[in-house]
Amino acid sequence: MPMPARRAGRTERRAGCSGLRGLLIVALSITLSACGDPPPPPPTAASVAAVLATDSASCATCHPREHAAWQDSHHARAMRPVADGGLPSHFDGGWLDHGEESVRFVASGSSASLELADGRSHPVPMRFGVTPLEQYLIDTGGGRLQASTWAWDSRPAMAGGQRWFFLYPGDDNRPGSRLHWDGALHNWNHQCAACHATKLEKRHDPATDRYSTRYAETGVGCAACHGDARAHVEWAAGSREPTPRAGFARAVDTPAARFAFDGASPIARRVEGSGPSPDVDACGRCHARGTPLSDDDPARSLFDLQRPALLDTGLYFADGRMDEEVFNWGSFRQSRMYEAGVGCGHCHDPHAGTLRVEGNALCGQCHLGEVYDTASHRGHGSADQALLCKDCHLPQRTYMVIDHRHDHAFHRPDPAEAARVGAPDACAECHSDRNAAWQTAAVASWQREEARPRRAYADALHAGSTWRADAGTRLQAVVADSDQAAIVRASALALLGRQPGAGLWPLAATLVDAPDPVLRLAVARLLESAPAEWARDAAPRLLTDRHRSIRGEAVRALLRRPELARAPESGAAFDRALEEYRESLARDQDRASGLVGLAAIDLLRGDRAVALDRLRRATTIDPHETVAWINRIEVERLVGGEAVVSALLDEALAIHPDSAELWHIRGLHAVRSREPEQALAALARAAELAPTEPRFAYVLGIARHGLESPEAGRRTLAEAIGRQPGYAPFHQALADWATAAGDEAAARGHAQRAASLLD
């Protein structure tokens with residue numbers, strides 16, 4: 001659901017006949033004074049406490065316009081009692097069938113329930129979302145709420161709505177499966193609640209696996225964006241001296257910058273304010289893809305509340321367009337608009353959640369219409385489908401079957417680039433019957449106004465994700481280019497960390513103290529693969545970074561390198577950051593990921609028994625979390641030897657038959673157990689399942705060389721080089737084998753290629 005930009009209360013109000021007095025009135029029962037009347041008395045401690053204990057309605061006393069805009073917004077209605085406004089008429093008891101399960105939603109009196117074909121029934125206490133779809137929260141006991149996989153299409157019937165539909169049309173809807181409504185992915189307490197309720201506290205008890213989740217109010221209320229109002233109320237009741245935050249802990253004014261045309265450029269220039277607009281990260285608390293680190297608190301930075309994702313493969317296409325559900329923060333962070341100081345609130349009303357202006361006039365606030373809102377700029381004459389800026393610059397991608405969302409990277413279309421890197425392109429959305437060459441020629445034929453060169457990074461990120469031979473050179477160029485968006489440079493840096501060359505480390509050293517935290521977050525990832533000397537210098541600074549996510553990322557990397565974690569250079573800084581990281585994980589012991597992270601700390605401390613207990617619980621509470629199985633199998637092997645591994649692999653692969661990692665582990669287990677045929681078959685299966693991951697092909701080649709024949713090993717790696725020529729270990733292994741065979745020329749050639757990739 002869309003979330004609001006946060007906006008601080010105004011720092012002062014003028015007394016007079018405008019309707020509200022200068023003094024903030026905090027109790028709804030107090031009548032506003034008429035013009036000329038003496039001001040009401042200051043609020044008492046009791047009235048202040050009354051306001052702080054109520055929901056957003058109390059803010060309406062002094063902010064009626066904002067409250068009126070908010071109360072019918074998607075944010076206000078993000079979650080609400082199912083009977084709010086009357087029980088849904090579509091809770092009519094009709095059976096809904098998909099895959100292996102049939103359900104029906106039933107209304108009775110003032111309550112609703114989900115009934116299953118086997119006779120079981122669960123209360124349905126809440127609606128979830130507004131448009132284009134509504135889900136419903138199912139109470140399964142123990143304080144646990146689950147989001148339904150059957151959803152109501154709330155669009156008008158003429159638009160295809162007013163119907164039930166299943167969120168995963170291709171899934172078999174098997175109870176206990178990964179996508180089933182009763183699983184971890186649909187758990188409201190962890191997955192959804194923080195962005196659909198105000199001032200949420202998850203409150204999970206690991207001992208009983210029960211929740212006592214609580215929140216201030218349903219939906220996204222005033223406190224969700226502005227924070228605790230206590231100091232604001234006291235400020236308004238007291239001196240009301242001008243302050244940038246009006247008593248709030250954090251300023252989130254929108255818009256934070258003002259732009260104006262100066263006659264010299266068709267694009268408005270910033271004339272007031274500096275730096276990025278603070279509302280971008282404020283909205284990013286719910287509009288960023290990331291890993292939560294603590295309960296939400298509007299007073300704290302986004303980088304303290306969560307570890308936001310970079311433009312990682314699988315989440316984004318190589319050109320930065322959104323692939324998975326990533327919401328808007330990572331997309332907008334790529335844009336020049338973000339760097340110019342444009343914030344969410346320049347386009348979106350933070351209270352109503354609507355656009356400030358409709359149509360191209362919205363872009364016309366900063367892009368001169370007589371230049372940009374023209375047929376020559378659009379290149380389409382008067383074609384109806386190309387009249388709107390958003391058609392080309394904010395192309396849509398569909399999620400949850402019917403939810404069409406605009407990409408906020410504001411790219412210029414480039415059909416040739418999209419074709420090279422395998423990304424969708426805006427042109428193809430209307431011209432699917434034309435190939436990329438035609439689309440590219442059409443764009444090139446337009447007579448366009450002069451524009452700043454388009455930033456190119458798609459080819460570099462694509463080269464890095466597909467292990468091209470020139471990936472290192474391309475990625476280092478992106479990282480070194482200060483004109484690139486910080487999140488793009490950070491993403492290139494993260495890709496370089498998979499196979500770091502010598503040239504990376506001087507470059508990375510310049511970014512350890514980079515102003516933008518997203519760059520420091522990427523640098524912290526590098527500690528896992530960095531040379532020891534470099535890591536010993538960088539680790540203390542990253543472990544004491546001002547943002548929690550960066551400190552935690554440094555700890556995560558160093559947990560894999562205990563010799564550096566305990567190095568004197570890190571010392572107490574690592575211990576402090578480790579404890580903070582442990583606290584973040586401890587709040588998520590209802591998740592397999594939280595237990596896996598805690599187990600890694602246990603192993604660092606030498607407590608294998610505790611680690612193993614956590615990992616066993618992880619695979620029990622969420623058997624669909626592959627990482628939990630991988631870690632559990634390794635620790636079980638350390639504790640009980642190879643004898644315990646085979647049965648565990650059988651159990652894990654029964655749930656994850658297409659996991660390349662698990663087949664890889666099975667192959668290594670067979671190697672250690674001296675079962676060559678089983679080893680080769682399992683390793684080959686891993687390489688087949690993950691053809692884009694070169695390490696599986698590498699291990700298969702090594703195994704074939706030793707267990708089958710040298711020629712079989714060489715052939716395997718030679719074929720793999722054809723797919724991923726930039727993976728240095730392929731060339732290193734071939735060089736070693738050639739040396740052993742006395743083929744000096746071949747050895748020299750492969751060694752030189754490996755060295756060039758690691759240069």
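Both backbone and side-chain heavy atoms feed into the values below; hydrogens, waters and symmetry mates do not.
- Rounding to the nearest 0.5 Å places CG of Asn360 at 7.0 Å from CZ of Arg378.
- Contact of the Ile267 side chain with the His367 side chain is registered, since non-hydrogen atoms from C-beta on lie closer than 4.5 Å.
- With hydrogens and angles ignored, the 3.5 Å screen pairs a side-chain donor or acceptor of Arg455 with a backbone N or O of Gln334.
- Looking at every heavy atom in both residues, Thr149 comes nearest to Leu179 through CG2-O, 3.6 Å.
- Checked against the 2.5 Å cut-off, the SG-SG distance between Cys195 and Cys286 falls under it.
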- Message: Run Asn173 and His180 through side chain to side chain contact (heavy atoms under 4.5 Å, CB included) and show every step you take.
- Response: CA-CA 6 Å; Asn173 193 28; His180 193 262; 3.5 Å; yes
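- The closest side-chain donor-acceptor pair between His98 and Asp172, if any, does not fall under 3.5 angstrom.
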- Task: Take Leu145 and Asp139 through the test side chain to side chain contact (heavy atoms under 4.5 Å, CB included) and record every step on the way to the result.
- Result: CA-CA 5 Å; Leu145 297 181; Asp139 185 347; 3.8 Å; yes
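- Taking CG of Asp171 as the start and CG of Leu167 as the end, the distance is 10.5 Å to the nearest 0.5 Å.
- Just one residue in the list Gln146, His122, Glu101, His186 forms a side chain to side chain donor-acceptor pair (under 3.5 Å) with Trp181, and that residue is Glu101.
- The heavy-atom pair separating Pro292 from Arg587 by the smallest distance is CB-NH1, 4.0 Å.
- Ion pairing between a basic and an acidic side chain is recognised when a charged N comes within 4.0 Å of a carboxylate O; Glu625 and Arg591 show no such pairing.
- Checked against the 6.0 Å centroid criterion, the rings of His287 and Phe332 do not qualify as a close aromatic pair.
- One distance of note links CG of Asp403 with CG of Asp153; it measures 10.5 Å at 0.5 Å rounding.
- Between the side chain of Arg178 and the main chain of Leu185, no donor-acceptor pair closer than 3.5 Å is present.
- A distance-only check finds a donor-acceptor pair linking the side chain of Ser301 to the backbone of Phe303 [under 3.5 Å].
- The backbone N or O of Gly219 sits less than 3.5 Å from a side-chain atom of Thr198, completing a donor-acceptor pair.
- Taking 4.5 Å as the limit, every side-chain heavy atom of Gln162 sits out of range of all side-chain heavy atoms of His90.
- Rounding to the nearest 0.5 angstrom, the gap separating the NE2 atom in His190 from the CG atom in Asp588 is 5.0 Å.
- Tested against His348 for a side chain to side chain contact (heavy atoms under 4.5 Å, CB included), the candidates Leu362, Asp279, Leu355 yield a single pass: Leu355.
- Using a 4.5 Å cut-off on side-chain heavy atoms (C-beta onward), Trp70 and Ser56 make contact.
- Proximity of a side-chain donor or acceptor of Arg203 to a complementary backbone N or O of Ser212 within less than 3.5 Å is detected.
- Within 6.0 Å of CZ in Arg163 there are more than 12 heavy atoms belonging to other residues, nucleotides or ligands.
- At distances below 3.5 Å, not a single donor-acceptor pair connects side-chain atoms of His411 with backbone N or O atoms of Pro395.
- In this structure, Arg80 contributes its side chain and Gly129 its backbone to a donor-acceptor pair below 3.5 Å.
- Ion pairing between Asp319 and Arg321 fails under the 4.0 Å rule for side-chain N and carboxylate O.
- We find that Asp296 and Arg285 are joined by a salt bridge, their nearest charged nitrogen and carboxylate oxygen being less than 4.0 Å apart.
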- Message: Apply side chain to side chain contact (heavy atoms under 4.5 Å, CB included) to residues Lys199 and Asp228 and explain how you reach the verdict.
- Response: CA-CA 9 Å; Lys199 297 180 70 173; Asp228 195 311; 4.1 Å; yes
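- Looking at heavy atoms from C-beta onward, Pro308 lies in side-chain contact with Leu521 at the 4.5 angstrom threshold.
- At distances below 3.5 Å, at least one donor-acceptor pair connects side-chain atoms of Thr213 with backbone N or O atoms of Lys202.
- For the ring-ring contact (aromatic ring centres under 6.0 Å, His included) with Tyr136, the lone residue among Trp152, Phe128, Phe91, Trp188 that qualifies is Phe91.
- At least one side-chain heavy atom of Arg300 sits less than 4.5 Å from a side-chain heavy atom of Ser294.
- Taking CE of Met322 as the start and CD of Glu325 as the end, the distance is 9.5 Å to the nearest 0.5 Å.
- Side-chain contact between Ser148 and Leu114 is absent, with no heavy atoms from C-beta onward closer than 4.5 Å.
- Taking the six-membered ring for Trp and the full ring otherwise, Phe105 and Trp164 have centroids separated by under 6.0 Å.
- Put simply, the side chain of Arg144 never gets that close to the backbone of Asn189: no donor and acceptor are under 3.5 Å apart.
- The two residues Ala224 and Pro298 make their nearest non-hydrogen contact at O-CG, 3.2 Å.
- Atom OG1 of Thr313 sits about 8.0 Å away from atom CG of Leu461, to the nearest 0.5 Å.
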- Task: Would you sort out whether Arg333 and Asp281 count as a side chain to side chain contact (heavy atoms under 4.5 Å, CB included), showing the intermediate values?
- Result: CA-CA 10 Å; Arg333 268 287 201 129; Asp281 281 1; 4.2 Å; yes
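- No side-chain heavy atom of Arg127 sits less than 4.5 Å from a side-chain heavy atom of Pro81.
- Taking the ring centroids of His393 and Phe410, they lie at or beyond the 6.0 Å cut-off.
- In this structure, Thr291 and Gln306 have side chains that are not in contact, with every pair of non-hydrogen atoms separated by 4.5 Å or more.
- The heavy-atom pair separating Thr61 from Ser58 by the smallest distance is OG1-O, 3.1 Å.
- Panel note: side chain Ser154, backbone Pro132; a donor-acceptor pair is recorded below 3.5 Å.
- When all heavy atoms of Leu305 and Asp297 are compared, the closest pair comes out as CD1-O, 3.5 Å.
- Pro276 and Tyr338 make their closest contact through CB-OH, 3.4 Å (heavy atoms, listed as atom of the first residue, atom of the second, distance).
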